[in-house]
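What follows is a short report on a single structure.
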Amino acid sequence: MRLTRYVLPLLKETPAEAQIVSHRLMLRAGMIRQSSAGIYSWLPFGYRALQKVERIVHEEQQRAGAIPLLMPTIQPAEIWRESGRYDAYGPEMLRIKDRHEREMLYGPTNEEMITLLVRDAVKSWRDLPRNLYHIQWKFRDETRPRFGVMRGREFLMKDAYSFDLTAEGARLSYQKMFVSYLKTFARLGLTAVPMKADTGPIGGDLSHEFLILAETGESQVFVDSQLLAKDWSSVEVDYEDPASVEAIFESFTSAYARTDETHDPAIWAETPAGRQVSARGVEVGHIFYFGTKYSEPLKATAIGPDGQPVTLEMGSYGVGVSRLLGAIIEASHDENGIIWPEAAAPFHVALVNLKQGDAAVDAAAGKLYAELTAAGVEVLYDDRDERAGGKFAAMDLIGLPWRLTVGPRGLASGQVELRRRKDGATEELTPEAAVAKLVAATRGL
RNA sequence: CGGAGUAUAGCUCAGCCUGGUAGAGCGCUACUUUCGGGAAGUAGAGGCCGCGUGUUCGAAUCACGCUACUCCGACCA
């Protein structure tokens with residue numbers, strides 16, 4: 001993409017409303033603009049990042065056996081009456097009426113809707129287990145939205161729902177999603193620590209929140225450093241093998257990791273003092289096993305092998321996709337701007353033409369742009385007629401993983417400059433070598 | 001939902017106390033010089049001063065009402 005043909009409204013100064021760094025940087029980098037409290041437009045650059053994250057979530061869900069579908073944002077009130085949640089949900093639910101005075105709502109979550117779909121579509125134990133998910137906008141009318149997309153009212157969420165014949169089966173479904181979350185967050189360059197969460201009336205140990213450690217996190221967390229020291233980036237699993245899934249689940253849940261909600265000082269004390277890490281965290285995922293809480297009132301059953309109907313065992317699994325964008329930036333930035341993890345970066349490379357209008361530089365940069373693009377590398381080509389300092393500052397702000405600089409000085413000796421955003425590592429190399437290196441570095445993203 | 005604030009140019013803000021027809025910096029447009037880490041000059045464009053009512057000869061400024069937004073707290077992917 002040529003910057004002169006793009007829409008990337010960068011802000012030099014920090015907008016007054018932004019309190020935390022990710023919100024400031026998302027506004028300054030031209031990713032989002034607020035529409036009303038807790039509701040945002042995603043500008044082209046932010047939308048690309050959102051799509052990158054979405055794609056990774058899709059891939060890891062499907063790898064774990066979940067099946068994508070798409071349910072509506074607007075739901076009829078009656079299905080919530082059927083589950084008994086319509087009155088219980090409270091003012092967080094945005095309730096609306098259509099022209100026929102029918103009561104509708106903007107979905108804050110989809111348990112009812114998916115349960116009804118599955119009730120009609122799944123009749124036999126042979127059709128189980130199943131896990132269905134979608135990535136869809138949700139609305140929760142929070143009393144106090146804040147922190148940009150970290151706590152919006154409208155937000156993009158991945159929600160998966162598992163259906164099993166038995167509680168043991170549901171446990172495996174739960175563990176598969178658990179592992180899938182580990183892999184999803186790892187691909188995004190994040191360490192999202194699974195923490196024991198409240199299970200409500202169901203009880204048991206099958207609810208976890210995944211939190212990214214960040215100073216601006218909303219929750220206080222307590223974690224055994226041994227858990228943080230694990231290798232998060234190369235979790236290998238065979239989803240077809242329950243023992244493999246279980247082993248990973250066990251290895252990531254054995255050490256102490258809790259938020260202030262479930263924190264128990266007595267148990268915490270059993271963790272050696274030298275390993276006790278207390279920090280702040282941002283919740284980016286939450287998974288539950290809740291048994292027949294919805295299948296019971298909504299009468300979702302399947303005929304078992306013995307010919308008798310069985311009420312389905314359910315779990316639900318959420319990832320705050322739009323929130324993840326904020327969380328990634330909270331976890332990865334410096335004083336100059338965003339530092340995108342490679343997998344989430346809106347573009348792979350910022351190609352900087354230092355002397356727009358100079359025939360030799362234009363030609364060299366244009367050739368690099370064409371070759372990289374043809375090779376599948378996503379390039380944002382800064383072909384604006386700006387001074388070097390302004391371009392560098394802008395590119396630092398938007399934080400693409402690589403910056404390839406072409407200028408008359410280097411070109412005189414046949415060199416271009418390749419700089420890595422995350423550590424500033426810089427090298428001079430030929431344009432051909434730069435293309436080769438970038439193609440190799442971005443392969444498989 | 002309790003408490004506290006804010007609303008003036010695209011952004012950051014001044015002006016309001018003490019009423020007299022709208023300001024700065026950045027950004028934007030044109031030109032000149034400059035040009036490898038946010039350059040300088042000159043000339044421009046850009047405002048129902050959140051909305052309404054009232055007071056007044058006259059309201060960005062005073063009074064009342066409303067709306068939106070932000071912050072602190074209680075709650076949430």
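We name chains A, B, ... by the order of the sequence lines, and we start the count at 1 in each one.
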NA contact type, A:Ser36, heavy-atom cut-off 4.0 Å: base, sugar-phosphate, or nothing? sugar-phosphate
Looking across every strand, which nucleic acid part, if any, lies under 4.0 Å from A:Arg419 by heavy atom: base, sugar-phosphate, or nothing? base
Integer angstrom distance from the [atom1] of [N] to that of [M]:
| N | M | atom1 | value |
| --- | --- | --- | --- |
| B:rU12 | B:rU21 | P | 27 Å |
| B:rA14 | B:rA9 | P | 12 Å |
| B:rG50 | B:rC11 | P | 14 Å |
| B:rA60 | B:rA22 | C1' | 8 Å |
| B:rC13 | B:rC49 | C1' | 13 Å |
| B:rG10 | B:rG2 | P | 34 Å |
| B:rG41 | B:rA4 | C1' | 46 Å |
| B:rA39 | B:rU34 | C1' | 7 Å |

Checking side-chain polar atoms at under 3.5 Å, does [X] have a donor or acceptor matched by the opposite partner on [Y]?
| X | Y | result |
| --- | --- | --- |
| A:Asp264 | A:Thr262 | no |
| A:Glu330 | A:Ser22 | yes |
| A:Lys176 | A:Tyr317 | no |
| A:Thr109 | A:Glu111 | yes |
| A:Tyr369 | A:Arg2 | no |
| A:His263 | A:Tyr256 | yes |
| A:Thr73 | A:Gln136 | no |

With B for base contact, S for sugar-phosphate-only contact and - for none (protein heavy atoms under 4.0 Å), nucleotides 72-77 of chain B reads BBBBBB
Can you find a heavy atom in the side chain of [X] that is under 4.5 Å from one in the side chain of [Y]?
| X | Y | value |
| --- | --- | --- |
| A:Val377 | A:Glu371 | no |
| A:Tyr161 | A:Asp159 | yes |
| A:Glu92 | A:Glu142 | yes |
| A:Leu397 | A:Leu25 | yes |

Pairs in or reaching into residues 418-441 of chain A: which pass ring pair (Phe, Tyr, Trp, His ring centres under 6.0 Å), with residues at least two apart or in two chains? none
For nucleotides 32-35 of chain B, list the nitrogen or oxygen atoms of the protein found under 3.5 Å from its nitrogen or oxygen atoms, one pair per line.
unit_1	atom_1	unit_2	atom_2	d
B:rU34	O2	A:Arg387	NH1	2.6

For [N], what is the paired nucleotide under Watson-Crick or G-U wobble rules, both distances under 3.5 Å?
| N | result |
| --- | --- |
| B:rU21 | none |
| B:rC75 | none |
| B:rU56 | none |
| B:rA68 | B:rU6 |
| B:rC48 | none |
| B:rU32 | B:rA40 |
| B:rA14 | none |

Can you give me the N/O atom pairs linking the protein to nucleotides 49-52 of chain B at distances under 3.5 Å, or say none if there are none?
none

Measure from [atom1] on [X] to [atom2] on [N] and round the result to the nearest Å.
| X | N | atom1 | atom2 | value |
| --- | --- | --- | --- | --- |
| A:Gln356 | B:rG36 | CD | P | 16 Å |
| A:Asp358 | B:rG36 | CG | P | 13 Å |
| A:Phe392 | B:rA39 | CZ | P | 13 Å |

salt_bridge([X], [Y]) N-O dist < 4.0 Å:
| X | Y | value |
| --- | --- | --- |
| A:Arg63 | A:Glu60 | yes |
| A:Glu54 | A:Lys158 | no |
| A:Glu82 | A:Arg119 | yes |

Check against salt bridge (Lys or Arg N to Asp or Glu O under 4.0 Å), A:Asp334 and A:Arg421: CA-CA 10 Å; A:Asp334 64 16; A:Arg421 177 68 177 87; 2.9 Å; yes
Which of these, A:Asp362, A:Asp385, A:Asp383, sits in a side-chain hydrogen bond (donor to acceptor under 3.5 Å, both in side chains) with A:Asn353? A:Asp362
Which protein N or O atoms sit under 3.5 Å from an N or O of nucleotides 42-46 of chain B?
none

Under 30°, 30 to 60°, or over 60°: which ring-plane class applies to A:Tyr174 and A:His208, parallel, tilted or perpendicular? tilted
Is a donor-acceptor contact shorter than 3.5 angstrom present between the side chain of A:Arg403 and the base of B:rG37? yes
Respond yes when some side-chain nitrogen or oxygen of A:Gln34 is under 4.0 Å from OP1 or OP2 of B:rA68, and no when none is. no
Tabulate atom names and distances for all N/O pairs under 3.5 angstrom spanning the protein and nucleotides 7-11 of chain B.
unit_1	atom_1	unit_2	atom_2	d
B:rC11	O2	A:Glu13	OE1	3.3

